**Q** 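Right, I'll just put the structure down here and ask away after.
In this chain, residues are counted from 1 in sequence order. Only a predicted model underlies this, so the values are computations on that prediction, with no experimental measurement involved. Values reported hereafter were calculated over all heavy atoms of this structure, with side chains retained and with hydrogens, waters and symmetry mates removed.
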Amino acid sequence: MEHSASREAKRQISWRLWKSKYLTADFLKRFLLSLFKYVLLIGLTYIILYPFLVKLTSAFMSREDLHDPMVRFIPRNFSVENITFIYEYFKFPKAFINTLFLSTACALLQVVVSAMIGYGLARFKFKGKGIVFGMVIFTMVIPPQTIQLASYMKLKYFDIFGLINATTGHSINLVDSIWPMLFLSLTGLALKNGLYIFIMRQFFKNVPAELSEAASVDGAGAARTFIRIMLPMAGSMMLTIGLLSFSWQGLDTYYSSLLFPNFDILSNIVLRSGYISLASIEDIHAGTPASSMMINTATLMVMFPLMLLFLFAQKFFIQGVERSGIVG
């Protein structure tokens, strides 16, 4: 009898403890807040991953699966025909090498130019500095489509203050070559260049001024201070900008379709993949399921090298973002 009463007392105590811990307004509030966070996180993850999953499944679908209403995400007839076709039809190795060269060259030029301009805006005082920085911000907020026609005409009939036309009698056509992107990268006007300048400016602005002053006392000029002291400190930041520039240039379809649509690069493969003849059997027209399947396959193949790059370089990328000082 005493044993039964003891067990009942323990049960009552356990119930009171459980009730005081879980059946409270504070616990309910924290539970609903956590539930909302998890639902929001799962929803955002789905939104981000859904396009990738669609491209992944489309790449391994056969034409029979494409016309089968029962097939949604998992292919019934697993096939690599789409990948093989894109690889051979568009000469994927050649396009990859061209993209690697173009993206690397643009990334190097943008890193150097962004570091120089960012350092100048962060460290030097000169008349019109605010206007220059405002123009940098201006390039970030203005869509490039607004100057599309002007950019095309300037590069189609390229001239420098009329000197080339006065000397040779005609302008230079830079369209359908990689020179426009190299020229824009060198002048700080290429893809996302304003953002890179802003990042470097914020980084150098947060570096203690005592370092520059100490170098000046030791007899180092502005150029030597920049090359010997500032650039080594900004190594991770420059690497981050290089990775961003390389990735965005490799996936860019705006400048590639405008300035060199006939050049064999990876982004042009995506643009052309919806208008090809699949194994000479059926024509693919824009907007059809077959067109979407080939575009998804080409996009996945173009993204894959960059995914590998990020997989191995994510440590340096995250370190650079943490040290960027954008929030400072």
**Q** Rounded to the nearest 0.5 Å, what separates atom CD1 in Ile197 from atom OG in Ser114?
**A**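 Interatomic distance, Ile197 CD1 to Ser114 OG, rounded to 0.5 Å: 5.0 Å.
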**Q** Please determine whether side-chain contact (heavy atoms from CB on, under 4.5 Å) holds for the pair Ile83 and Met301, giving the CA-CA distance in whole Å, both sets of side-chain angles, and the decisive distance to 0.1 Å.
**A** CA-CA 8 Å; Ile83 298 177; Met301 294 177 65; 4.0 Å; yes
**Q** Is the closest side-chain heavy-atom distance between Leu231 and Met238 below 4.5 Å?
**A**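 When only atoms from C-beta onward are counted, Met238 and Leu231 do touch, with a gap below 4.5 Å.
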**Q** Which atoms form the tightest heavy-atom contact between Phe90 and Ala95, and what is the distance?
**A**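 Smallest interatomic distance, heavy atoms only, reads O-CB, 4.5 Å.
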**Q** Applying side chain to side chain donor-acceptor pair (under 3.5 Å), which residue pairs with at least one partner in residues 244-253 are found, sequence neighbours left out?
**A**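 Side chain to side chain donor-acceptor pair (under 3.5 Å) check on residues 244-253 returns Gln110-Ser245.
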**Q** Do you know the tightest heavy-atom contact between Asn268 and Pro261?
**A**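 Heavy atoms of Asn268 and Pro261 come nearest at ND2-O, 3.5 Å.
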**Q** Would you indicate whether the side-chain heavy atoms of Leu239 and Ser236 approach each other to under 4.5 Å?
**A**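 Result no, sub-4.5 Å side-chain heavy-atom pair not found.
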**Q** Under the side-chain contact (heavy atoms from CB on, under 4.5 Å) criterion, do Tyr196 and Val113 qualify, and how do the steps go?
**A** CA-CA 9 Å; Tyr196 306 147; Val113 171; over 6 Å; no
**Q** With Asp264, which residues qualify under salt bridge (charged side-chain N to carboxylate O under 4.0 Å, His left out), at least two apart?
**A**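 Residues passing salt bridge (charged side-chain N to carboxylate O under 4.0 Å, His left out) with Asp264: Lys94, Arg272.
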**Q** Please name the pair of heavy atoms, one in Thr297 and one in Ala59, separated by the smallest distance, quoted to 0.1 Å.
**A**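 For Thr297 and Ala59, the tightest heavy-atom pair comes out as OG1-CA, 3.4 Å.
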**Q** Taking the side chain as everything from C-beta on, heavy atoms only, tell me whether Thr99 gets closer than 4.5 Å to Phe263.
**A**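 No, their side chains stay 4.5 Å or more apart.
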**Q** Taking the side chain as every heavy atom from C-beta outward, state whether Phe52 and Met307 have any atom pair closer than 4.5 Å.
**A**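 Touching, per the 4.5 Å side-chain cut-off.
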**Q** Check whether Asp176 reaches the backbone of Phe260 with its side chain - one donor and one acceptor, N or O, closer than 3.5 Å.
**A**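 Not a single qualifying donor-acceptor pair exists.
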**Q** Can you list the residues that meet the side chain to side chain contact (heavy atoms under 4.5 Å, CB included) rule with Ile97, with sequence neighbours excluded?
**A**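 So Ile97 forms no side chain to side chain contact (heavy atoms under 4.5 Å, CB included) with any residue.
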**Q** When rounded to the nearest 0.5 angstrom, what is the spacing between CG in Leu121 and NZ in Lys205?
**A**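 Taking CG in Leu121 and NZ in Lys205, the distance rounds to 10.5 Å.
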**Q** For Leu108, check side chain to side chain contact (heavy atoms under 4.5 Å, CB included) against everything at least two apart and list the hits.
**A**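 Partners of Leu108 by the side chain to side chain contact (heavy atoms under 4.5 Å, CB included) criterion, ordered by chain and then number, come out as Thr104.
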**Q** Would you mind listing every salt bridge (charged side-chain N to carboxylate O under 4.0 Å, His left out) that reaches into residues 108-132, with sequence neighbours excluded?
**A**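 Every candidate salt bridge (charged side-chain N to carboxylate O under 4.0 Å, His left out) pair involving residues 108-132 fails, so no pair, neighbours aside, qualifies.
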**Q** When you look at CZ of Phe92, are more than 12 heavy atoms from neighbouring residues, nucleotides or ligands closer to it than 6.0 Å?
**A**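 Yes, the 6.0 Å shell around CZ holds more than 12 heavy atoms from other groups.
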**Q** How far does CZ of Phe60 sit from CD of Glu81, to the nearest 0.5 angstrom?
**A**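 Reported value, rounded in 0.5 Å steps: 13.0 Å.
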**Q** Do Ile147 and Tyr152 belong to the same hydrophobic cluster, where Ile, Leu, Val, Met, Phe, Trp and Tyr are linked whenever their side-chain heavy atoms lie under 4.5 Å apart, directly or via other members?
**A**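 No: no chain of side-chain contacts under 4.5 Å links Ile147 to Tyr152.
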**Q** From Leu174 CG over to Ile172 CD1, what is the distance, rounded to the nearest 0.5 angstrom?
**A**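 Going from CG on Leu174 over to CD1 on Ile172, the span is 6.5 Å.
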**Q** Rounded to the nearest 0.5 Å, what's the gap from CD1 on Ile199 to CD1 on Ile241? Could you check?
**A**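 These two atoms lie 5.0 Å from each other.
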**Q** When Ile, Leu, Val, Met, Phe, Trp and Tyr are grouped by side-chain heavy atoms lying under 4.5 Å apart, directly or through other members, which residues fall in the same group as Leu308?
**A**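 For the cluster that includes Leu308, the remaining residues are Phe304.
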**Q** What I'd like to find out is whether the side chain of Met61 reaches to under 4.5 Å of the side chain of Phe78, using heavy atoms alone.
**A**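 Contact flag for Met61/Phe78 side chains = no.
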**Q** Can you list the residues that meet the side chain to side chain contact (heavy atoms under 4.5 Å, CB included) rule with Leu33, with sequence neighbours excluded?
**A**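 Partners of Leu33 under the side chain to side chain contact (heavy atoms under 4.5 Å, CB included) test: Lys37.
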**Q** Any idea which heavy atoms bring Met140 and Leu195 closest together, and the distance?
**A**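 Shortest heavy-atom separation between Met140 and Leu195 comes out as CG-N, 3.6 Å.
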**Q** In the structure I gave you, are the side-chain heavy atoms of Met230 and Val207 within less than 4.5 Å of one another anywhere?
**A**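 Side chain of Met230 against side chain of Val207, heavy atoms only: contact under 4.5 Å found.
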**Q** Check this for me: Met116, atom CE, are more than 12 non-hydrogen atoms of other residues, nucleotides or ligands nearer than 6.0 Å?
**A**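 Count not over threshold, so no.
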**Q** Looking at residues at least two apart in the chain, or sitting in another chain, which of them share a side chain to side chain contact (heavy atoms under 4.5 Å, CB included) with Arg224?
**A**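 So Arg224 forms a side chain to side chain contact (heavy atoms under 4.5 Å, CB included) with Ala220, Arg228.
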**Q** What closest approach, in Å, do Ala115 and Phe226 show between heavy atoms, and which atom pair accounts for it?
**A**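 Residues Ala115 and Phe226, closest heavy atoms: O-CE1, 3.7 Å.
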**Q** Under a 4.5 Å cut-off applied to non-hydrogen side-chain atoms, are Phe158 and Ser171 in contact?
**A**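 Result no, sub-4.5 Å side-chain heavy-atom pair not found.
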**Q** What's the verdict on side-chain contact (heavy atoms from CB on, under 4.5 Å) for Ser256 and Ile265, showing C-alpha distance, side-chain angles and the deciding distance?
**A** CA-CA 8 Å; Ser256 59; Ile265 57 175; 3.7 Å; yes
**Q** Do Phe246 and Leu100 come close enough that some side-chain heavy atom pair is under 4.5 Å?
**A**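 The answer is yes, as the side chains (C-beta and beyond) meet within the 4.5 Å cut-off.
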**Q** Answer yes or no: does atom CZ of Phe36 have more than 12 heavy-atom neighbours from other residues, nucleotides or ligands under 6.0 Å?
**A**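 No - once you tally the heavy atoms of other residues, nucleotides and ligands closer than 6.0 Å, there are 12 at most.
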**Q** Return the set of residues passing ring pair (Phe, Tyr, Trp, His ring centres under 6.0 Å) with Tyr255 (not counting sequence neighbours), or none when no residue passes.
**A**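 Applying ring pair (Phe, Tyr, Trp, His ring centres under 6.0 Å) to Tyr255 gives none.
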**Q** Cut-off 3.5 Å, no hydrogens considered: what does the side-chain donor-acceptor table look like for residues 178-187, sequence neighbours left out?
**A**
{"residue": "Ser185", "atom": "OG", "partner": "Met181", "partner atom": "O", "Å": "2.7"}
{"residue": "Thr187", "atom": "OG1", "partner": "Phe183", "partner atom": "O", "Å": "2.9"}
{"residue": "Thr187", "atom": "OG1", "partner": "Leu184", "partner atom": "O", "Å": "3.2"}

**Q** With rounding to the nearest 0.5 angstrom, report the CZ to CE distance, Phe204 to Met237.
**A**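 With rounding to 0.5 Å, CZ (Phe204) is 10.0 Å from CE (Met237).
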**Q** Starting from Met135 and following side-chain heavy-atom contacts under 4.5 Å between hydrophobic residues (I, L, V, M, F, W, Y), which residues can be reached?
**A**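 Ile131, which link up through side-chain heavy atoms under 4.5 Å apart, make up the rest of the cluster.
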**Q** Report, one line per pair, each donor and acceptor closer than 3.5 Å where one atom sits in a side chain of residues 38-50; sequence neighbours left out.
**A**
{"residue": "Thr45", "atom": "OG1", "partner": "Leu41", "partner atom": "O", "Å": "2.7"}
{"residue": "Tyr50", "atom": "OH", "partner": "Arg72", "partner atom": "NH2", "Å": "3.4"}

**Q** If I compare all heavy atoms of Pro143 with all of Thr146, which pair ends up nearest, and what's the gap?
**A**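 Shortest heavy-atom separation between Pro143 and Thr146 comes out as O-OG1, 2.7 Å.
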